[in-house]
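Chain identifiers are assigned alphabetically (A, B, ...) following the order of the sequence lines, protein sequences preceding nucleic acid strands; residue numbering begins at 1 within each chain.
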There are 2 protein chains.
Amino acid sequence: MDVFALAAMRMDHTNPTRPVPPTTVRRLSTYYRVLGAVHSEGQANVSSETLAVLTGFTAAQVRRDLAYFGSFGKRGVGYAVSALRQRLASILGIDRGWRIGLVGVGNLGRALMAYPGFNNQGFEVVAAFDSDAAVIGSTVNGTRVLSAGDLAHAVRVDRIDMVIVTVPARAAQKVVDQAVAAGVRAILNFAPTQLRVPAHVQLSNVDLAVEVEYLSYSLAV
Amino acid sequence: MDVFALAAMRMDHTNPTRPVPPTTVRRLSTYYRVLGAVHSEGQANVSSETLAVLTGFTAAQVRRDLAYFGSFGKRGVGYAVSALRQRLASILGIDRGWRIGLVGVGNLGRALMAYPGFNNQGFEVVAAFDSDAAVIGSTVNGTRVLSAGDLAHAVRVDRIDMVIVTVPARAAQKVVDQAVAAGVRAILNFAPTQLRVPAHVQLSNVDLAVEVEYLSYSLAV
DNA sequence: GCGTGTGAAGCTTTTCACAGCA
DNA sequence: TGCTGTGAAAAGCTTCACACGC
């Protein structure tokens, strides 16, 4: 492919021309979810104003967010629900069947394995891991639980792209080191601790205490 | 108390003089957590640079964040670990023993009830609720599980300040309406749906799908 | 007429860089 | 000397408001 073909690709409204704010990417996820509801109600088109009501964002935000990826709405009409939903899936990469390994089959790990939109919508938990002999060998949500020691091997054999970490904080870095050494490209960390990963590995953290404490602050003011 | 006493209160470095960015409040939560670790290592003082390494934020962010609430560090020395930790607890309001009701005792609800820093650190889950007869009456993490129908009554009798919602999306609005009508002041919502609450009620949402999809986007780019 | 797409303005948040105090 | 606290600059993000195309 030559340089002109590459330039054409960039012009076809599949790739953004300007940098996309991280805040926008996080909102895309919510648009995708509510479009599912709109779709199952049989609506063919939806306006930025309606999406604003359904998501809690503003209409201007909705239009700006979607416009990063091309002109996708029709003036006077709105956005085609089904096409927009597919487009968002493609942009978010959740149409690729990412292969996920989940480490730590406690309550949080089980909750995530059963979460609507995790094991189905574009993600497949292909293996789960734990260090508790009472859990190893059992099946959770249709996925076999392996020994934590098998993580590196399984990452390679099962071609795991992403690891979700739901182990206690003290065990998290070791898990991540093994996963990274075995070639994992992304880590989603739920353990309340700061993890170190090489620059080529994507890391996101979810701290379950942050939002409660934010609410506590709001009440206390 | 006269107007001068009130003015003095505002000058005593307990209350911020400038508006505090929400981003700062969310980071305070992380400072509080890592200060616990620093404290148990016996460190008396800690610099903004060290806090930056431990949290993944920048040293300038740390100093700016803490300075919203007063001059709390010593130049050339850093921040007094123990005093800063107590101060953050006071700012975040997590020294007040907020009384929490948790609705939806599935895996996610159980995970939160067992979460370090939830049931202890300043929050007390005083009652849990579910609609499943197989769970009602049992005890989870030392808390009795009541019928979801008892929510409004329990909010009043047990003086519940905050409700954590870990029910399926379709059941969430009803739970919130009951809790709000009974006088709850804050809602922490884990259900993937947009909730409506009156302006005087604080609402925070945690969407567990957002960060996985953000990682998916990062991998797909 | 309706509702998108987007310059421009406004606001928020981060980063820089250094004066000033222990 | 070391490290905080903070003006000022830069970067990032949201909102406004309206031209334009369906």
Side-chain angles (χ1 to χ4, degrees), chain A residues 11-31 35 38 43-81 83-84 87-88 91 210 214 217, chain B residues 11-31 35 38 43-81 83-84 87-88 91 210 214 217:
Chain A
M11 302 293 278
D12 78 352
H13 291 172
T14 295
N15 295 331
T17 49
R18 309 188 190 191
V20 181
T23 48
T24 288
V25 177
R26 291 193 165 84
R27 283 192 297 266
L28 294 184
S29 190
T30 305
Y31 301 141
L35 282 170
V38 173
Q43 300 292 321
N45 293 285
V46 68
S47 69
S48 59
E49 182 54 40
T50 300
L51 285 175
V53 170
L54 295 175
T55 58
F57 311 140
T58 71
Q61 265 177 331
V62 173
R63 294 200 299 277
R64 178 75 72 198
D65 286 343
L66 299 180
Y68 279 109
F69 303 94
S71 285
F72 210 59
K74 287 202 180 75
R75 296 171 194 221
V77 178
Y79 300 89
V81 173
L84 179 56
R87 169 63 76 85
L88 288 176
I91 291 167
V210 167
Y214 184 84
Y217 174 86
Chain B
M11 304 293 278
D12 77 353
H13 292 171
T14 295
N15 296 332
T17 50
R18 307 189 193 193
V20 181
T23 48
T24 289
V25 178
R26 291 195 164 83
R27 284 194 295 268
L28 294 184
S29 190
T30 305
Y31 301 141
L35 282 170
V38 174
Q43 299 293 321
N45 293 285
V46 67
S47 69
S48 59
E49 181 55 40
T50 300
L51 285 175
V53 170
L54 294 176
T55 57
F57 310 140
T58 70
Q61 267 177 330
V62 173
R63 295 200 298 278
R64 178 74 74 195
D65 286 343
L66 299 180
Y68 279 109
F69 303 94
S71 284
F72 210 59
K74 286 205 181 74
R75 294 169 194 223
V77 178
Y79 301 89
V81 173
L84 178 57
R87 168 63 74 89
L88 287 175
I91 292 168
V210 167
Y214 185 83
Y217 174 87

Give the rounded distance in Å between these two atoms: CG of D65(A) and C1' of dT15(D). 13 Å
L66(A) side, atom CG; I91(A) side, atom CD1 - distance, nearest 0.5 Å: 8.0 Å
Any idea which heavy atoms bring T58(A) and A52(A) closest together, and the distance? C-CB, 3.7 Å
Using the 3.5 Å cut-off, write out each protein N or O paired with an N or O of nucleotides 10-13 of chain D and the distance between them.
none

Y68(A) atom OH is separated from dG7(C) atom P, nearest whole Å, by 12 Å
Counting only side-chain nitrogens and oxygens, does S48(B) get under 4.0 Å of the OP1 or OP2 atom of dT4(D)? yes
So CZ of F57(A) and OG1 of T24(A): to nearest 0.5 Å the spacing works out to 10.0 Å
Heavy-atom closest pair, residues T55(B) and L51(B): OG1-O, 2.7 Å
Quick one: closest heavy-atom pair of S48(A) and A59(A), and the distance? CB-O, 3.7 Å
What are the two closest non-hydrogen atoms of R27(B) and D65(B), and how far apart are they? NE-OD2, 2.6 Å
From CZ of R18(A) over to C1' of dG5(C), roughly how many Å is that when rounded to an integer? 10 Å
Report yes or no: is the cationic atom of R87(B) (NZ for Lys, CZ for Arg) closer than 6.0 Å to the six-membered ring centre of F69(B), at no more than 45° off its axis? no
What is the distance, to the nearest angstrom, from the CG atom on L66(B) to the P atom on dC3(D)? 16 Å
CZ of F72(B) versus C1' of dT4(D): gap in Å, rounded? 13 Å
F57(A) has an atom CZ; how far is it from atom P of dT14(D), in whole Å? 10 Å
Any side-chain N or O of Y79(B) under 4.0 Å from OP1/OP2 of dG5(D)? yes
Give the rounded distance in Å between these two atoms: CZ of F69(A) and P of dT6(C). 13 Å
OP1 or OP2 of dG3(C) versus the side-chain N and O atoms of S47(A): is any pair under 4.0 Å? no
Are S29(B) and Y214(A) close enough that some pair of their side-chain heavy atoms sits under 4.5 Å apart? no
Five-pair end axes of the helix from dG1(C)-dC22(D) to dA22(C)-dT1(D) and the angle they enclose, rounded to 10°: 10°
T58(B) side chain near dT15(C) phosphate (N/O to OP1/OP2, under 4.0 Å): yes
Using whole Å, what does the distance between atom P of nucleotide dG5(C) and atom CG of L51(A) come to? 12 Å
Does any non-hydrogen side-chain atom of L54(B) lie less than 4.5 Å from one of L35(B)? no
Closest approach of Y68(A) to V20(A) (non-hydrogen atoms, all atoms of both residues): CB-CG2, 4.3 Å
Which parts of nucleotides 16-22 of chain C does protein reach within less than 4.0 Å, heavy atoms only, written one letter per nucleotide 5' to 3' as B for base, S for sugar-phosphate only and - for none? -B-BBBB
Search all heavy atoms of F72(A) against all heavy atoms of Y79(A) and return the closest pair with its distance. C-CD2, 3.9 Å
